[in-house]
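Reading through the structure tokens given below for one structure.
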Number of protein chains: 2
Amino acid sequence: MPKQTFFNLPFAKRRSIEEEAIREFAENTFERASLTKIVENCGIAKGSMYQYFEDKLDLYLYIVELAYEEKKKYVQRAFETPGHIFETLEEYYRQSLIFSLEHPALHKVTNNFWDSRAGHLGETIHRLRAARALDFTAHLRNAVDQGVVNPALDPEAVFFVYHAVGKALIDQFGEKVDSAFLSQVLDVLKYGLKARKGAAL
Amino acid sequence: MPKQTFFNLPFAKRRSIEEEAIREFAENTFERASLTKIVENCGIAKGSMYQYFEDKLDLYLYIVELAYEEKKKYVQRAFETPGHIFETLEEYYRQSLIFSLEHPALHKVTNNFWDSRAGHLGETIHRLRAARALDFTAHLRNAVDQGVVNPALDPEAVFFVYHAVGKALIDQFGEKVDSAFLSQVLDVLKYGLKARKGAAL
DNA sequence: TGCAGCTATGACTGGGTGGTCACATGCGGA
DNA sequence: TCCGCATGTGACCACCCAGTCATAGCTGCA
């Protein structure tokens with residue numbers, strides 16, 4: 001959590017610090033990112049930064065939270081619009097894609113976050129993942145009850161697959177992954193590799 | 001490529017350098033791994049290392065190659081034993097799992113490799129991925145011709161999914177992923193989420 | 001005017017890194 | 001015995017980093 005001093009700052013100065021920090025954490029992992037470079041690019045003194053934040057990690061977590069709050073504005077639409085699980089999933093990833101196009105730097109920040117291994121970040125990430133797994137499997141059980149989803153599959157395994165593929169998709173938004181490719185990938189998960197008896201797709 | 005000097009070394013000394021390097025590169029990414037620590041743990045002088053290798057990257061690539069040569073001994077069985085694509089894939093990941101259990105350090109080295117971003121490693125990794133994609137889609141087209149695989153799916157998308165899930169599986173061998181969970185995950189990819197008309201599994 | 005308290009500063013500390021080089025050592029052959 | 005060459009060495013260089021602290025400046029109140 002930033003110190004009060006940071007929030008007392010005139011808006012423009014505060015914003016410029018945020019922007020430079022976003023730039024640095026978008027291009028580098030937490031460990032490789034350089035506080036020294038951030039303060040140089042802001043034109044403020046090193047010591048000032050420590051008037052605003054406890055340490056590098058404090059700044060980082062603040063920036064990550066900023067990024068996720070922006071992203072939330074996009075992806076939450078997926079859970080508001082009704083529909084079954086396939087539509088929700090498609091909408092979720094589609095909104096993520098839009099977010100990545102409209103806020104490329106913030107998108108990179110959220111992305112790098114999951115690769116962090118420094119300090120206690122590993123545990124934090126683990127907890128976040130577990131929370132997501134609970135959410136996901138709840139949705140999934142619902143869909144199974146509705147007869148939409150193959151009941152023979154292990155929910156944990158399904159989450160594992162979606163988590164892995166979701167991360168890979170998001171990693172490559174804007175590079176290899178566009179809207180059409182996104183649909184193709186989701187179809188693979190939906191229909192599975194094995195040829196189907198009835199209509200294949 | 002190591003210098004000739006390295007191969008002139010008595011076997012025990014060469015091996016001890018390899019082992020310490022494997023240890024360091026198993027626990028750290030290329031960038032975080034410390035040459036200084038490797039030479040300290042070996043009990044040799046910093047300068048000696050530069051008699052054997054051009055630089056840190058040279059040593060790293062040599063170690064990665066060592067790891068992959070060992071891994072190849074395992075996974076190539078998947079392509080030797082006949083069977084269609086689902087059996088091949090299952091055997092491939094099962095052999096990877098065995099490799100990770102029998103050579104945990106080498107396994108971690110191969111794993112970290114894909115996360116490297118330093119220097120020209122990014123391009124190398126890109127090329128390796130492209131080569132894998134070609135191999136995979138060739139197998140896939142074969143399977144489609146045999147009527148085993150859903151012909152409506154985009155081969156590039158299928159590769160994308162398997163690559164992502166494969167990496168996640170291998171990342172977590174020994175932690176979350178055991179033999180039973182591996183089967184469950186592969187079933188998700190095989191059958192897809194959507195409920196099937198006939199026998200579900 | 002003077003004091004109090006918040007804010008700004010940047011030189012400095014202690015620690016890390018990859019890589020170098022002048023020198024030392026050991027060994028095989030003449 | 002002595003030379004020449006391959007090998008070994010570790011102090012040293014230049015560079016980077018996060019974090020500190022004594023000092024200075026500012027602002028508003030009494």
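Throughout, protein chains are lettered first and strands after them, A, B, ... in sequence-line order, and every chain is numbered starting at 1.
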Handout entry: Contact letters for nucleotides 22-29 of chain C, in which S counts primed atoms plus P, OP1 and OP2 and B counts the base, heavy atoms under 4.0 Å
Key = --------
Handout entry: Any Tyr52(B) side-chain nitrogen or oxygen under 4.0 Å from OP1 or OP2 of dT7(D)
Key = no
Exercise for the section: Take the angle between the ring planes of Phe160(B) and Phe181(A) and call it parallel below 30°, perpendicular above 60°, tilted in between. Expected result: perpendicular
Practice task
Classify the ring geometry between Trp114(B) and His163(B) as parallel (under 30°), tilted (30 to 60°) or perpendicular (over 60°).
Solution key: perpendicular
Exercise for the section: Look at the aromatic rings of Phe6(A) and Tyr52(A) and report parallel, tilted or perpendicular, splitting at 30° and 60°. Expected result: tilted
Practice task
Take the C1' atoms of the five end pairs on each side of the helix from dT1(C)-dA30(D) to dA30(C)-dT1(D), derive the two axes, and give their angle rounded to 10 degrees.
Solution key: 30°
Practice task
Could you label the plane-to-plane angle of the Phe99(A) and His107(A) rings as parallel, tilted or perpendicular, counting under 30° as parallel and over 60° as perpendicular?
Solution key: perpendicular
Exercise for the section: Cation-pi check, Lys56(B) to Phe30(B): give yes when NZ or CZ is under 6.0 Å from the six-membered ring centre and within 45° of the ring axis, no otherwise. Expected result: yes
Exercise for the section: Just call it for Ser48(B): base, sugar-phosphate, or nothing, with non-hydrogen atoms closer than 4.0 Å on any strand. Expected result: base
Exercise for the section: Take atom CD of Gln4(B) and atom C1' of dC5(D), then tell me their distance rounded to the nearest Å. Expected result: 15 Å
Practice task
In whole angstrom, give the distance that lies between atom NZ of Lys13(B) and atom C1' of dT7(D).
Solution key: 8 Å
Handout entry: Spacing of Phe6(B) atom CZ relative to dG8(D) atom C1', expressed in whole Å
Key = 15 Å
Exercise for the section: Would you classify Phe53(A) as touching base, sugar-phosphate or nothing, given that sugar-phosphate means primed atoms plus P, OP1 and OP2, and contacts are heavy atoms under 4.0 Å? Expected result: nothing
Completion exercise
Sorted by chain and residue number, the side-chain hydrogen bond (donor to acceptor under 3.5 Å, both in side chains) partners of Glu24(A) (sequence neighbours excluded) come out as none
Exercise for the section: Heavy atoms under 4.0 Å is the rule here; annotate nucleotides 11-19 of chain D 5' to 3' with B where the base is hit, S where only the sugar-phosphate is, and - elsewhere. Expected result: ------SBB
Problem - Tyr74(A) six-ring centre to Arg77(A) NZ/CZ under 6.0 Å and within 45° of normal - result: yes
Exercise for the section: Indicate, with a heavy-atom threshold strictly under 4.0 Å, whether Lys3(B) touches base, sugar-phosphate, or nothing. Expected result: nothing
Handout entry: Residues which pass side-chain hydrogen bond (donor to acceptor under 3.5 Å, both in side chains) with Glu40(B), listed by chain and number, not counting sequence neighbours
Key = none
Problem - Nearest heavy-atom neighbours spanning Pro151(A) and Val144(A) - result: CB-CG1, 3.8 Å
Problem - Short side-chain N/O contact to dT7(D) OP1/OP2 from Asn8(B), under 4.0 Å - result: yes
Handout entry: Ring-face cation of Lys194(A) near Tyr191(B) (centre distance under 6.0 Å, axis angle within 45°)
Key = no
Problem - With Ser116(B) via side-chain hydrogen bond (donor to acceptor under 3.5 Å, both in side chains) - residues at least two apart - result: Tyr60(B)
Exercise for the section: Figure out the CZ/P separation between Phe7(A) and dC6(C), and round it to whole Å. Expected result: 18 Å
